[in-house]
Amino acid sequence: MTVRTRVAPSPTGDPHVGTAYVALFNYCFAKQHGGQFLLRIEDTDQTRSTPESEAMILSSLRWLGLSWDEGPDVGGPHGPYRQSERSALYARHAQVLLDRGEAFRCFCDDARLSQMRAAQQAAGTGKLGYDGRCLHLTAEEVAAQLAAGAPSVVRLKVPREGMCVIHDLLRGEIEIAWDQVDMQVLLKSDGMPTYHLANVVDDHDMEITHVIRGEEWITSAPKHLRLYEAFGWRPPQLCHLPLLRNPDKSKLSKRKNPTSITYYQRVGILPEALLNYLGRMAWSMPNEEEKFTLAQMIEHFDLARISLGGPIFDIAKLNWLNGRWLREELSVDALAARLASWALNAGYMKEILPMLQPRLERLSDIGPFSGYFLSGHIEVDPALYESKKLDAEGVKRCLAWGMWRLDQLSAWTTEGIEGALRSCAVELDVKLKDLLAPFFPAITGRKSATPIFETMRVLGRDLSRARLRDAVQALGGLTKGQEEELRAAMRALDARGGEEEGEEG
RNA sequence: GGUCCGUUCGUCUAGUGGACUAGGACGCUGGCCUCUCACGCCGGCAACACGGGUUCGAAUCCCGUACGGAUCACCA
């Protein structure tokens with residue numbers, strides 16, 4: 001049996017380092033066993049998935065040097081590799097489950113479900129999850145509802161007693177009582193599958209032998225095992241990797257740490273070094289060498305060398321490792337070539353020069369003027385943030401509010417940035433000029449500079465965000481209370497709420 | 001809160017019952033090298049969460065406690 005592993009990112013945001021981390025381990029495991037590694041796009045969430053995000057994920061993983069034997073761009077015998085193109089397959093399989101009595105139609109709407117949850121919460125018995133109301137519908141009742149055009153979902157039947165035993169390659173046997181497992185929705189009312197159904201159907205169809213994914217999936221493993229059983233399929237080996245953490249130990253998130261691969265690319269981390277560092281997360285070479293290539297990692301890879309405590313993503317150590325790669329592996333020629341492909345090239349010059357040209361008196365002015373277009377982080381000088389119109393708290397509020405509004409932008413364009421910041425000024429009831437004042441030092445390190453919207457656009461979302469965050473932090477940061485208050489105010493302003501990124505593993 | 005997973009220096013980790021006076025690396029720090037800085041080299045600080053067992057012997061095995069994390073969606 002050939003080993004086949006996969007990484008299955010959801011194209012709902014920036015390419016996440018966690019995705020690369022999980023991809024790396026899957027890749028090494030497969031390659032070491034002479035097997036295949038595939039890439040599958042889990043875009044069943046129609047409202048959040050975007051083609052731009054998918055493209056960035058693919059190019060980021062390629063940039064790192066990871067390649068896949070089968071995937072949406074390279075094809076393969078088990079395609080398509082994009083779940084949105086496989087809908088018919090899931091609907092068919094949901095029907096099989098319905099026919100076998102392993103699943104049931106459910107007509108409960110949002111209102112009833114939230115009412116049910118509220119009641120369960122109030123009862124405080126600790127028993128949560130779908131109460132099984134539609135489980136008792138007769139075939140006639142279901143047919144009648146369907147005929148009447150009532151929207152419905154398909155839910156999985158789950159035993160109400162007994163234990164589910166998960167065999168985890170890293171942790172041994174994990175037992176979870178079936179009554180802790182919800183009767184998961186498999187097919188949404190829009191006809192799309194949920195992650196759980198699509199994942200199981202695809203892993204089986206694509207002959208995945210080992211599912212190596214993040215620890216966050218442990219508690220839904222019983223649902224997956226139940227599905228394999230219901231279909232009569234043999235489940236793959238499961239292996240749950242420890243999660244990458246923020247310095248405060250919580251799951252790595254962009255609110256607290258840069259998480260986008262493109263950020264690390266932008267600040268000048270070499271792909272080899274980032275991959276190397278990710279390989280050092282929870283794993284070590286037998287000889288404890290810190291620096292190694294992908295080929296060396298494959299050669300020595302061993303699941304037994306994975307430690308289970310969640311590693312904190314430490315940028316200081318990543319920087320040190322990157323420095324070693326820079327000075328130990330690159331000749332001056334090679335370094336020059338790297339710098340050229342990074343930013344010291346005509347393409348990038350042509351992006352920033354239109355902003356610079358009107359401000360130049362001598363060619364040499366390019367030095368002081370272009371510094372912030374090439375730097376990573378900017379040193380924060382509090383004096384530059386002093387404002388006649390706003391107090392220190394007001395300045396921080398402008399920066400934080402603007403940063404969050406910018407986060408909500410789906411496309412990072414000059415117009416989008418301008419629009420977002422203009423509405424911030426209205427929302428905070430300050431003049432645009434006063435709102436923007438602290439953005440100049442935060443983004444460029446100067447009180448005045450090139451046009452801020454276009455400058456931020458060129459710098460990119462990740463770096464702009466990181467610099468804004470640095471500024472807020474260096475100005476004393478927001479207290480938990482202030483942050484909560486501000487976020488609440490923002491939530492109140494827009495009834496809806498956009499939230500954090502998520503990805504498979 | 002229920003369930004599950006985890007716990008070795010601040011951080012990444014080595015360690016799979018005796019070789020542990022717990023090793024390496026980042027960071028911090030003292031020094032050397034040196035026109036400065038960086039690199040490099042030498043040194044220092046710093047950890048087995050706690051309590052019970054099992055054993056001749058426990059960082060390593062078992063139980064409990066504490067702490068941390070994840071998860072409880074028609075998101076993945």
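Reminder, nothing fancy here: chain letters follow the sequence lines and each chain counts from 1.
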Contact class for [X] (heavy atom, under 4.0 Å): base, sugar-phosphate, or nothing?
| X | value |
| --- | --- |
| A:Val153 | base |
| A:Leu186 | nothing |
| A:Ser220 | nothing |
| A:Cys108 | base |

Return the value, rounded to whole Å, for the distance between atom [atom1] of [X] and atom [atom2] of [N].
| X | N | atom1 | atom2 | value |
| --- | --- | --- | --- | --- |
| A:Asn322 | B:rC26 | CG | P | 15 Å |
| A:Met192 | B:rC75 | CE | P | 10 Å |
| A:Tyr130 | B:rC74 | OH | P | 11 Å |
| A:Leu113 | B:rC72 | CG | C1' | 14 Å |
| A:Asp182 | B:rA73 | CG | P | 6 Å |
| A:Asp202 | B:rA76 | CG | P | 13 Å |
| A:His224 | B:rU71 | NE2 | P | 13 Å |
| A:Asn246 | B:rG68 | CG | P | 16 Å |

Please name all residues satisfying side chain to side chain contact (heavy atoms under 4.5 Å, CB included) with A:Trp342, sequence neighbours left out, ordered by chain then number. A:Leu339, A:Leu374
Of all residues at least two apart in sequence or in a different chain, which pass the side chain to side chain contact (heavy atoms under 4.5 Å, CB included) check with A:Leu137? A:Phe107, A:Cys134, A:Glu141, A:Val142
For nucleotides [N] and [M], find the distance between their [atom1] atoms and express it as a whole number of Å.
| N | M | atom1 | value |
| --- | --- | --- | --- |
| B:rA14 | B:rA47 | C1' | 13 Å |
| B:rG43 | B:rC4 | P | 49 Å |
| B:rU29 | B:rC37 | P | 15 Å |
| B:rU3 | B:rC61 | P | 25 Å |
| B:rU60 | B:rG27 | C1' | 28 Å |
| B:rA59 | B:rA19 | P | 9 Å |
| B:rC5 | B:rC62 | P | 13 Å |
| B:rG2 | B:rA46 | C1' | 39 Å |

Determine, for nucleotides 29-50 of chain B in 5'-to-3' order, which nucleotides have protein heavy atoms under 4.0 Å from the base (write B), from only the sugar-phosphate (write S), or from neither (write -). ----------SS----------
Determine, for nucleotides 3-13 of chain B in 5'-to-3' order, which nucleotides have protein heavy atoms under 4.0 Å from the base (write B), from only the sugar-phosphate (write S), or from neither (write -). SSBS----SBS
Could you report the tightest heavy-atom contact between A:Arg226 and A:Lys157, atom names first, then the distance? NH1-O, 2.8 Å
On a heavy-atom basis, the closest approach of A:Arg171 and A:Leu241 is NH2-C, 3.9 Å
Look through every strand shown and name the nucleotide pairing with [N] as Watson-Crick or G-U wobble, where both distances are under 3.5 Å.
| N | answer |
| --- | --- |
| B:rU71 | B:rG2 |
| B:rA22 | none |
| B:rC61 | B:rG53 |
| B:rC32 | B:rG40 |

Over 60° means perpendicular and under 30° means parallel, so classify the ring planes of A:Trp217 and A:His196, tilted if in between. perpendicular
Ignoring backbone atoms, test whether A:Thr194 places a side-chain nitrogen or oxygen under 4.0 Å from the OP1 or OP2 oxygen of B:rA76. no
Counting just side-chain N and O atoms, does A:Lys188 come under 4.0 Å of either OP1 or OP2 of B:rA76? yes
According to the side-chain hydrogen bond (donor to acceptor under 3.5 Å, both in side chains) rule, which pairs have a member within residues 266-276 of chain A, sequence neighbours left out? A:Arg266-A:Tyr348, A:Glu272-A:Arg338, A:Asn276-A:Trp325
side-chain hydrogen bond (donor to acceptor under 3.5 Å, both in side chains) partners of residues 106-119 of chain A, not counting sequence neighbours, each pair once: A:Arg112-A:Asp131
Judged by each residue's nearest nucleotide on RNA chain B, which is more toward the 5′ side, A:Leu187 or A:Ser250? A:Ser250
Using side chain to side chain donor-acceptor pair (under 3.5 Å) as the criterion, list what pairs up with [X], not counting sequence neighbours.
| X | value |
| --- | --- |
| A:Arg155 | none |
| A:Lys256 | A:Asp248, A:Ser250 |
| A:Thr262 | A:Ser260, A:Asp462 |
| A:Arg305 | A:Ser284 |

Measure the CG-OH distance between A:Leu244 and A:Tyr21 for me, rounded to the nearest 0.5 Å. 5.5 Å
Once salt bridge (charged side-chain N to carboxylate O under 4.0 Å, His left out) is applied, do any residues pair with A:Asp202, and if so which ones, sequence neighbours excluded? A:Arg40, A:Arg86
Which ones in residues 262-271 of chain A lie close to RNA chain B, meaning a heavy atom under 4.0 Å from one of its atoms? none
Does A:Glu42 come within less than 4.0 Å of A:Arg82, counting only side-chain N to carboxylate O? no
